[in-house]
Amino acid sequence: MIDESQMQNDGLSPYLTGLNESQMDAVQTTDGPVLVLAGAGTGKTRVLTTRLAHILATGKAFPGQVLAVTFTNKAAQEMKERVASILNEPTVERWWLGTFHAIAVRMLRAHAEKVGLGSDFAIIDTDDQLRLVKQLLKESNLDDKKWPPKSVLGVIQRWKDRGQTPDHVSASEAKEFAGGRIHKIYQSYQQRMKELNACDFGDLLLHTLVIFQTYPDVLADYHRRFHYILVDEYQDTNVAQYLWLRLLAQGHQNVCCVGDDDQSIYGWRGAEVGNILRFEKDFPGAKVVRLERNYRSTGRILAAASSVISHNEGRLGKTLWTDDDEGEMLRVRGLWDGEAEARFVGEETESLQRQGQSLDQIAVLVRTGAMTREFEERFLTLGIPYRVIGGARFYERLEIRDALAYLRLVNSADDSLAFERVINTPKRGLGPAAVSVVHQLARQIETSLFKAAQEIVETDELRPAARKSMAGFVAQVERWQSLKGDMPHPELADLILEESGYLEFWQNDKSVEAKGRVENLRELVNALGEFESLPDFLEHVSLVMDTNSQQNQEMVSIMTLHGAKGLEFETVFLPGWEEGLFPNQRAMDEQGLKGLEEERRLAYVGLTRARERAIISFAANRRMHGSWASAIPSRFVDELPHEHIERESDRGIYSAPLEPSYGGFGSGRGWQDNDRGSPGMQRARSYSGGESQLVRQAAQKVSESKSGFGRGERVFHQKFGYGLVSSVEGERLTISFDKAGSKKVLSNFVVPAEKAGM
DNA sequence: ATGATGACTCTTTTT
DNA sequence: GAGTCATCAT
């Protein structure tokens, strides 16, 4: 710890030096509620960290008396490390510093019995959730076409995000979904979770919230405990988290929330920007500090980001400024298709690398997870090292989840979801029929599947072959359970994978992925060694769905815009700025203006990740779930300030100047070939003609009128040739092409066949 | 019980 | 184009 007397002597402790006036204000106003409205790159994490360190260093509170909540594990980790280094105090592990979920688990374990759970409850993943919903759906015989398990789970989760237990959902609202039957499923879902002694992610907060609400003494305990509360990324809190925080903060009222309304990008998960606006009402006399000086980006980047975000209404209105140079122009590049875009990004990356830029300082930020693949493939061919952050995560892989289910079952025999998962993996001749017998008994005698299985092998319920197989399995699990005490858990895991035949199953598999899966299983056993005990490990896995296997090599980062929050890079590529993809069509369809504005905030987040250089691109054509789709540039491109932008284009895509194209446009028929002067080609020619009028016309057309094409009409597309319109959805046509199969295209890229000059 | 075949949906975004 | 689901043949 920092010596207090030293602090008082010079008045300013070393960790406070270099803070500007507003930052200092936010750090030092320790008593009473504080809301820090901090723009991107204004050092808000630093403020929060320093504030925490300051509270501890000045002896205002002991470490255990401060609650610091973050949104991501990464943010929590970073904060821990920074505070630890400021205070030179290594025992941060035991502090109340972590994600909402991690903190909630800790509280819930202590009071689980109050909501009908054991303190050893399991935390289940999406996969288990989905299986549970499927079961319940089957029992309720709801039309599964109209109510797919995913949507049902979505509705349940939204209720949970709003802090509503089944009793809490109003009758009218319950009725909204399948006449109340989804609400019924929510009830039985919660009931089953209790029976399984399990929680899903939403429950962690929901249950804790319920405990606070129904046991004032428990809440009072926490009030006494926490003298200070700090919250990061406050704009992303959902209602449940908000209520949870508000209850806790009503104790000492020394709450400090840091957030940026312009970076609220989790509305779909129930986050409410309104929580920021409500802060001053909830905590009368709250002090509001604005951080508007940006230390991260160049002037141009900041201007671009500000210009885009200014198109949103209903902002709290911050004006970011910087003393930094204007810096490089932002670049906007139009390309023929996704592949060309990936090639472009690859080449630019190589060129930056030649100029000596570290690959760690380069990021490709995409809108959807599926977009990462194109870049991966390109980087692979070019031999550029890359990492995909947040993609298919280690612990979400099939083989890892299976292996984890074995471990869960051995750890706790009553984990029925785990039992279900592994009973016939690898195949043991115990299919749905056998499992359903076990299910029946379990239900009858109200016990777990494993216990029911133990009973059943003593009877003739199962056919002899199945009975024998089941008995073998039960005996194996019992043996592993008995070994649990006296064997180091990594060894036990090894043994389980070996004896269950699961490892062998993959070793014998000849598919391409199998080798990787075997390696992953080995890595899992290694990871296990880093934890004290099996339960410790399992909890870590459920909360921190991530491995920290960071290689030392310099690598380009590829990730979604959501995943990039809180990060910064020297160079940021922002591909896929196309209408429909970004802003995402679905977001707009479902949420209207609200959805569009959230997309725009996403653009803002993306741009502000860049320190020196932002390179935006869009593609005219893109492969989307199998078929091709064409699109026009994103409206966000037009919202960029022209004076800070350099527009570049490949021939035929966007405005002049012309450049040599990369290897032509696809195979065979290209734009150039079309340019032979047949009557209908005027339209195509105007593409390569220089100005972007056509794109503008197209944009106008989209907003003003229908496509003008009809079903059954014969048409011509520049890339795919002749075809027949099979359906029309506004501007989107589905065309079955003579040579290229069925594709979804925009009408702007199509001309009537007779005009194309057969 | 299992594996092969074909129809179908789907991708936003995450703790 | 992949992953899931239902159906059918083994």
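In what follows, chains carry the letters A, B, and so on, assigned in the order in which the sequence lines appear, proteins first and then strands, with residues in each chain numbered from 1.
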Heavy atoms from C-beta onward define the side chain here; which of [options] lies closest to that of [X]?
X         : options                  : result
Tyr266(A) : dA1(B), dT15(B), dT14(B) : dT14(B)
Thr368(A) : dG1(C), dA1(B), dT11(B)  : dT11(B)
Ala434(A) : dT2(B), dA2(C), dA1(B)   : dA1(B)
Trp268(A) : dT2(B), dT11(B), dT14(B) : dT14(B)
Arg623(A) : dG1(C), dT14(B), dT15(B) : dG1(C)
Pro432(A) : dT15(B), dA1(B), dT11(B) : dA1(B)
His562(A) : dT13(B), dT15(B), dG3(B) : dT13(B)
Thr560(A) : dT2(B), dT13(B), dT15(B) : dT13(B)
Lys427(A) : dA2(C), dG3(B), dT15(B)  : dG3(B)

I need the [atom1]-[atom2] distance between [X] and [N], as an integer number of Å.
X         : N       : atom1 : atom2 : result
Glu599(A) : dT11(B) : CD    : P     : 15 Å
Leu602(A) : dT11(B) : CG    : P     : 18 Å
Leu130(A) : dT9(B)  : CG    : C1'   : 14 Å
Met624(A) : dC10(B) : CE    : C1'   : 10 Å
Arg428(A) : dA1(B)  : CZ    : P     : 15 Å
Gln77(A)  : dT15(B) : CD    : P     : 15 Å
Gln263(A) : dT14(B) : CD    : C1'   : 17 Å
Ile423(A) : dA1(B)  : CD1   : P     : 12 Å

Taking 4.0 angstrom as the limit, do [X] and [Y] come out as a salt bridge?
X         : Y         : answer
Arg401(A) : Asp127(A) : yes
Arg378(A) : Glu374(A) : no
Glu597(A) : Lys594(A) : no

Original post:
When you compare dT4(C) with dT13(B), how far apart are their C1' atoms, in angstrom units rounded to a whole number?
Top reply: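 Here dT4(C) and dT13(B) have their C1' atoms 22 Å from each other.
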With sugar-phosphate meaning primed atoms plus P, OP1 and OP2, does [X] contact a base, only sugar-phosphate, or nothing at under 4.0 Å between heavy atoms?
X         : result
Gly369(A) : sugar-phosphate
Phe71(A)  : sugar-phosphate
Lys134(A) : sugar-phosphate
Ala433(A) : sugar-phosphate

**OP:** Please state whether the phosphate of dT2(B), meaning OP1 or OP2, lies under 4.0 angstrom from any side-chain nitrogen or oxygen of Asn424(A).
**Re:** yes
Subject >> Nearest-nucleotide comparison on DNA chain B, the residue closer to the 5′ end among Gly563(A) and Ala466(A) >> reply: Ala466(A)
Subject >> DNA chain B: 5'-proximal contact among Glu590(A) and Leu430(A) (nearest heavy atom) >> reply: Leu430(A)
**OP:** Determine the interplanar angle of the Tyr186(A) and Trp159(A) rings, folded into 0 to 90°, and report it as parallel if under 30°, tilted if 30 to 60°, perpendicular if over 60°.
**Re:**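 Parallel.
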Original post:
What residues form a salt bridge (charged side-chain N to carboxylate O under 4.0 Å, His left out) with Lys160(A), not counting sequence neighbours?
Top reply: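 Per chain and number, Lys160(A) pairs via salt bridge (charged side-chain N to carboxylate O under 4.0 Å, His left out) with Asp200(A), Asp203(A).
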**OP:** Could you list the residues that satisfy salt bridge (charged side-chain N to carboxylate O under 4.0 Å, His left out) with Asp536(A), not counting sequence neighbours?
**Re:**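 Once residues adjacent in sequence are excluded, Asp536(A) has no partner under the salt bridge (charged side-chain N to carboxylate O under 4.0 Å, His left out) criterion.
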